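Please read all numbers here as calculations on a predicted model, not as lab measurements.
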Amino acid sequence: MEKKSFSEILSNAALDLIPYEDLYRHFHAHPELSLQEKVTSETIASHLSQLGAYEIHTKIGGYGLVGILKNGVGKTVLLRADIDALPVKENTGLPYASSVIMYDSEGIEKPVMHACGHDMHITCLLAAAEMLAKIQDAWSGTLIVLFQPNEERGGGAQAMVDDGLYSKIPMPDHVFGQHVMRMRAGTVGSRPGTIMAAADSLKITLYGRGGHGSMPHQTVDPVLLAAHVVLRLQSIVSREIDPSDLAVLTVGSLQAGQTENVIADKAEIGVDFRSVKLETRSKILSAIQRIVEAECQASGSPKPPLITQTRRFPPTDNDRHSALQLSASFGDHFSDFDADTPRTNVSEDFSTLGTSQGIPYSFWFIGGVDPELWDQAEKNDRMEEIPGNHSALFAPVIQPTLKTGMDALCIAALTFLRR
């Protein structure tokens with residue numbers, strides 16, 4: 001008897017997604033910052049327990065959790081979703097928009113929003129968990145669904161590993177994940193090799209000598225010093241990195257002073273840079289150190305600058321064999337699948353779940369932009385007006401994004417677990 005296609009298997013199961021659409025709205029309206037995802041984690045665990053098929057482990061590496069479904073002999077596949085939100089004030093105007101305020105790690109009140117789509121990631125994986133439990137006759141092996149905290153700060157995957165993740169769950173043969181992106185909803189994209197760059201974030205503290213705004217000659221002005229540093233940092237990529245290599249450097253924040261007529265005694269600069277090659281990363285770090293120290297010396301700074309790393313994300317390099325197998329399956333199921341999607345400067349800590357154990361992994365993107373909005377913007381050459389990840393206006397259209405994400409996760413599992 002000829003085997004059914006993955007599309008036929010999923011179509012015949014016909015999971016009702018309306019409850020998941022409501023669940024998505026709930027997650028979107030109730031975001032939680034990194035390291036504070038307590039209620040989100042509890043809601044996920046409650047939903048998984050209602051499915052009745054999963055062995056559940058909670059509080060791994062913070063508020064991380066996993067569900068394990070053993071279904072006979074076969075390979076073990078891990079599917080991952082991230083669960084934290086961002087300190088962004090939502091401006092979407094949606095009826096289920098977030099109005100949440102939380103204290104961040106420094107005790108400062110911040111508005112909170114799922115501005116990166118993690119609410120969609122959670123919902124897609126929960127729906128896939130139910131679907132795969134429903135179609136156990138179509139596959140054999142072990143399925144692990146993992147919900148990871150603290151992705152936005154780049155520490156959640158490593159924290160779960162360090163907290164004994166792989167002593168609590170069967171060792172996977174493959175690790176898979178996905179991300180909703182600024183792409184037309186219903187589309188899926190992946191590629192073998194590097195799909196996402198590495199990222200580093202730094203806080204640079206520059207020291208001056210404060211005083212009265214009318215007497216700058218008695219001070220060392222950290223604002224002027226910071227301005228020189230910011231301008232010089234922009235020359236690193238344009239003048240020191242091979243144009244054929246991938247590198248981006250952004251100064252995302254500059255903070256100094258409290259009022260107009262007072263010269264502050266320090267300034268803080270937040271820097272983020274992206275790279276793929278380790279030697280390029282080292283070159284950028286070295287250049288930042290050189291420029292900051294030289295500008296401080298040129299300005300007569302009273303003490304050396306302090307450069308602190310705040311985040312580090314590894315590159316995401318898809319296992320070629322896994323990515324090619326997934327591409328074949330995705331290409332059969334999705335009418336709009338790109339097997340050579342462009343590499344992005346966006347970064348993730350997902351790969352740590354694989355690299356820490358030498359497990360092959362693969363990652364892909366799903367679109368979240370309303371197809372009508374996308375097509376209209378494309379027609380009018382106004383694509384820049386479509387909000388992207390981390391924007392206060394970012395909100396994936398619920399369908400077909402949810403179904404696409406659920407299908408992609410199910411197909412990834414079935415590709416390696418099918419009987």
One should read off an interatomic distance between Gln234 CD and Arg239 CZ, to the nearest 0.5 angstrom, of 12.5 Å
Exercise. Is a donor on one side and an acceptor on the other found under 3.5 Å between the side chain of Ser41 and the backbone of Tyr63?
Worked result: yes
Of Thr316, Asn345, Val276, the one forming a side chain to side chain contact (heavy atoms under 4.5 Å, CB included) with Met196 is Thr316
- Message: side chain to side chain donor-acceptor pair (under 3.5 Å), that's the test. Do Gln325 and Thr415 meet it? Break it down for me.
- Response: CA-CA 7 Å; Gln325 285 183 274; Thr415 299; over 6 Å; no
Taken to the nearest 0.5 Å, the spacing of Ser190 OG from Phe176 CZ works out to 10.0 Å
* **CG/Asp242: more than 12 non-hydrogen atoms of other groups inside 6.0 Å** => yes
| said: I'd like to know if the side chain of Ser322 reaches the main chain of Pro360, judged simply by a donor and an acceptor atom lying under 3.5 Å from each other, with no hydrogens or angles considered. | reply: no
Check for a donor-acceptor pair, side chain of Ser391 on one end and backbone N or O of Leu393 on the other, with a separation under 3.5 Å.
yes
>> Can you confirm whether Leu202 sits close enough to Phe273 that some side-chain heavy atom of one is under 4.5 Å from a side-chain heavy atom of the other?
In response: yes
Centroid separation under 6.0 Å, is that true for the rings of Tyr361 and Phe350?
yes
Counting C-beta onward and ignoring hydrogens, is there a side-chain heavy-atom pair between Met102 and Glu109 closer than 4.5 Å? no
task: Kindly indicate, with the supporting measurements, whether the criterion salt bridge (charged side-chain N to carboxylate O under 4.0 Å, His left out) is fulfilled by Lys283 and Asp245.
output: CA-CA 12 Å; Lys283 184 178 290 188; Asp245 194 8; over 6 Å; no
*Please work out whether the ring planes of His174 and Phe416 are parallel, tilted or perpendicular, with thresholds of 30° and 60°.*
tilted
*asked:* Using modelled atom types and a 3.5 Å cut-off, is there a donor and acceptor pairing between side-chain atoms of Lys168 and backbone atoms of Asp163?
replied: yes
Next on the checklist: Within the 4.5 Å heavy-atom criterion, are Leu65 and Lys59 side-chain neighbours or not?
Outcome noted: no
**Exam field: side chain His118 to backbone Asp84, donor-acceptor pair closer than 3.5 Å** = yes
### Tyr166 atom OH: more than 12 heavy-atom contacts under 6.0 Å
yes
Only one of Asp272, Leu233, Ile241, Asp200 passes side chain to side chain contact (heavy atoms under 4.5 Å, CB included) with Leu249, and that residue is Leu233
Whether Thr259 side chain and Val262 backbone form a donor-acceptor pair below 3.5 Å
no
For this session: Please examine the side chains of Cys124 and Gln178, heavy atoms only from C-beta on, and report whether any two atoms are closer than 4.5 Å.
Result: yes
Check: Taking Ser140 for the side chain and Val73 for the main chain, is one N or O donor matched with an acceptor at less than 3.5 Å?
Finding: yes
How about Ile18: does its CD1 atom have over 12 heavy atoms from other parts shown lying under 6.0 Å from it? no
Does the pair Ile411 and Leu409 meet the rule for a side-chain contact (heavy atoms from CB on, under 4.5 Å), with working shown? CA-CA 6 Å; Ile411 287 170; Leu409 290 166; over 6 Å; no
* Flag side-chain contact, heavy atom, 4.5 Å: Leu353 against Arg80 -> yes
Checklist entry - When you check the side-chain N and O atoms of His47 and Tyr20, is any donor under 3.5 Å from an acceptor? => result yes
Does Lys203 have more than 12 heavy atoms from other residues, nucleotides or ligands lying within 6.0 Å of its NZ? no
Check: Would you say the side-chain atoms of Glu90 and His114 include a donor-acceptor pair closer than 3.5 Å?
Finding: no
Pair Glu55-His57, side-chain donor/acceptor within less than 3.5 Å:
yes
Which of Leu146, Ile169, Asn150 passes side chain to side chain contact (heavy atoms under 4.5 Å, CB included) with Met160? It is Leu146
(message) Side chains of Lys110 and Ile101, heavy atoms from C-beta outward: is any pair under 4.5 Å?
(response) no
Point to revise | Within 6.0 angstrom of Arg320 CZ, more than 12 heavy atoms from elsewhere | key: no
#### Entry: Flag side-chain contact, heavy atom, 4.5 Å: Val188 against Asp338
no
- Query: Under 6.0 Å from the CD atom of Glu372, do we count more than 12 heavy atoms belonging to anything else shown?
  - Reply: no
Whether Glu240 and Arg290 form a salt bridge (side-chain N of Lys/Arg under 4.0 Å from carboxylate O of Asp/Glu) is what I want to check. yes
Check against side-chain contact (heavy atoms from CB on, under 4.5 Å), Glu152 and Leu33:
CA-CA 9 Å; Glu152 295 293 355; Leu33 290 174; over 6 Å; no
query = Is a side-chain donor or acceptor of Asp317 paired with a backbone partner of Gly193 at a separation under 3.5 angstrom?
reply = no
*So does His26 have more than 12 non-hydrogen atoms from other groups sitting under 6.0 Å from NE2?*
yes
query: Is the backbone N or O of Arg191 less than 3.5 Å from a side-chain atom of Asp340, with the two atoms forming a donor-acceptor pair by type?
result: no
| query | What do the steps show when you test Leu206 against Ile269 for side-chain contact (heavy atoms from CB on, under 4.5 Å), and what is the final call? | reply | CA-CA 8 Å; Leu206 307 171; Ile269 299 173; 3.7 Å; yes
Between Arg184 and the options Ile386, Asp375, Val397, Leu373, the side chain to side chain contact (heavy atoms under 4.5 Å, CB included) test singles out Asp375
task: For Arg311, look at atom CZ and say whether over 12 heavy atoms of other residues, nucleotides or ligands are found less than 6.0 Å away.
output: yes
Item checked: Under 3.5 Å: donor-acceptor pair, side chain of Asp349, backbone of Gly156 -> yes
Between the CD1 atom in Ile366 and the CZ atom in Phe337, the distance rounded to the nearest 0.5 Å is 13.0 Å
Item to complete: I would like to know whether Leu225 and Glu295 meet side-chain contact (heavy atoms from CB on, under 4.5 Å); could you show each step before the answer?
Response: CA-CA 7 Å; Leu225 166 57; Glu295 289 293 351; 3.9 Å; yes
